[in-house]
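A, B, ... follow the sequence lines: proteins, then strands. Residue 1 opens every chain. Bear in mind the structure is a predicted one, so any value in this text is a computation, not a measurement. Atoms considered below: every heavy atom in the structure, side chains included; atoms not considered: hydrogens, waters and symmetry mates.
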Amino acid sequence: MAKKKSDTPKPYAWLMKSEPDVYGFADLLAEPEQTTLWDGVRNYQARNFMRDGMQVGDPVLFYHSNCRPPGIAGLAKVASEAYADPTQFDPDDAHFDPKASQDDPRWFLVDVQAVRELNFVPLETLKNEPRLAELPLVKRGNRLSVMPVSKEQFEVVLELAGDTDA
DNA sequence: GCCAACGTTGGC
DNA sequence: GCCAACGTTGGC
């Protein structure tokens, strides 16, 4: 019987960035089961959120980065426990990590499943919303690709998307 | 394409 | 363990 690692409550939801030219929300919708492995994350803070913070079923805001305009494109959810990112073991993969081994993986991921497309919420709209001032995304210089979102922040985003199906 | 911000690496 | 150099992110 495993003891819980922490008594602090887990974040309610998450925001995950992807470049739509590489992999956008439409690509997720086109997957079998509308599910994919969120591979290629090579940042320790983002990894820790996936490995230690996420729980199956957590809502995920799917954010389009490095495009015009950037913003939130869809709603998804965490669809698996964290497990080792297989791309770290593949020498032919761009995300190969020679310091990782099967016995001692460095990088973890979760499966992400689409829930529904949202009316696009541009970054500019997020920045102009006072109730989202504490969202890491809108803070100057923030580059985290996976970040926690509180219940209140999540609900504000759905409101900005005109989403009434929540 | 520019460049500010930030994370990582490696020499010492 | 410091910190300069370097690479990457990502908005603009």
Q) Can you check the A:N43 CG to C:dG7 C1' distance for me, whole Å? A) 14 Å
(Q) From CZ of A:R42 over to C1' of C:dG10, roughly how many Å is that when rounded to an integer? (A) 19 Å
(Q) Please report the distance, rounded to the nearest Å, between CD in A:Q45 and C1' in C:dT8. (A) 16 Å
**Q.** Presence of A:Y63 side-chain N/O under 4.0 Å of C:dT9 phosphate oxygens OP1/OP2
**A.** no
Q) For A:F108, is the NZ or CZ atom of A:R51 found under 6.0 angstrom from the centre of its six-membered ring and inside 45 degrees of the ring axis? A) yes
(Q) What's A:K139 touching, base or sugar-phosphate or nothing? Going by heavy atoms closer than 4.0 Å. (A) nothing
Q: Take the protein atom CG of A:L137 and the nucleotide atom P of C:dT9, then report the distance between them rounded to whole Å.
A: 16 Å
Q: State, without any angle test, whether A:R42 and A:T87 hold a side-chain donor-acceptor pair at a distance under 3.5 Å.
A: yes
Q.
Side chain of A:P70, heavy atoms from C-beta onward: which of C:dG7, B:dT8, C:dG11 has the nearest atom to it?
A. C:dG11
Q) Closest nucleotide of DNA chain B for A:R68 versus for A:N142: which of these residues is on the 5' side? A) A:R68
Q | Under 3.5 Å: donor-acceptor pair, side chain of A:H95, backbone of A:P86 | A | no
Q: Figure out the NZ/C1' separation between A:K99 and B:dT8, and round it to whole Å.
A: 9 Å
Q | Atom-to-atom span, NE2 of A:H95 to C1' of C:dT9 - whole angstrom | A | 13 Å
Q) Any idea how A:Y23 and A:W38 line up, ring-wise: parallel (<30°), tilted (30 to 60°), or perpendicular (>60°)? A) perpendicular
Q) Nearest-Å distance, CG (A:L144) to C1' (C:dT9)? A) 11 Å
Q: Using atom CG of A:D97 as one end and atom P of C:dT8 as the other, report the distance to the nearest whole Å.
A: 14 Å
**Q.** Any A:K17 side-chain nitrogen or oxygen under 4.0 Å from OP1 or OP2 of C:dG10
**A.** yes
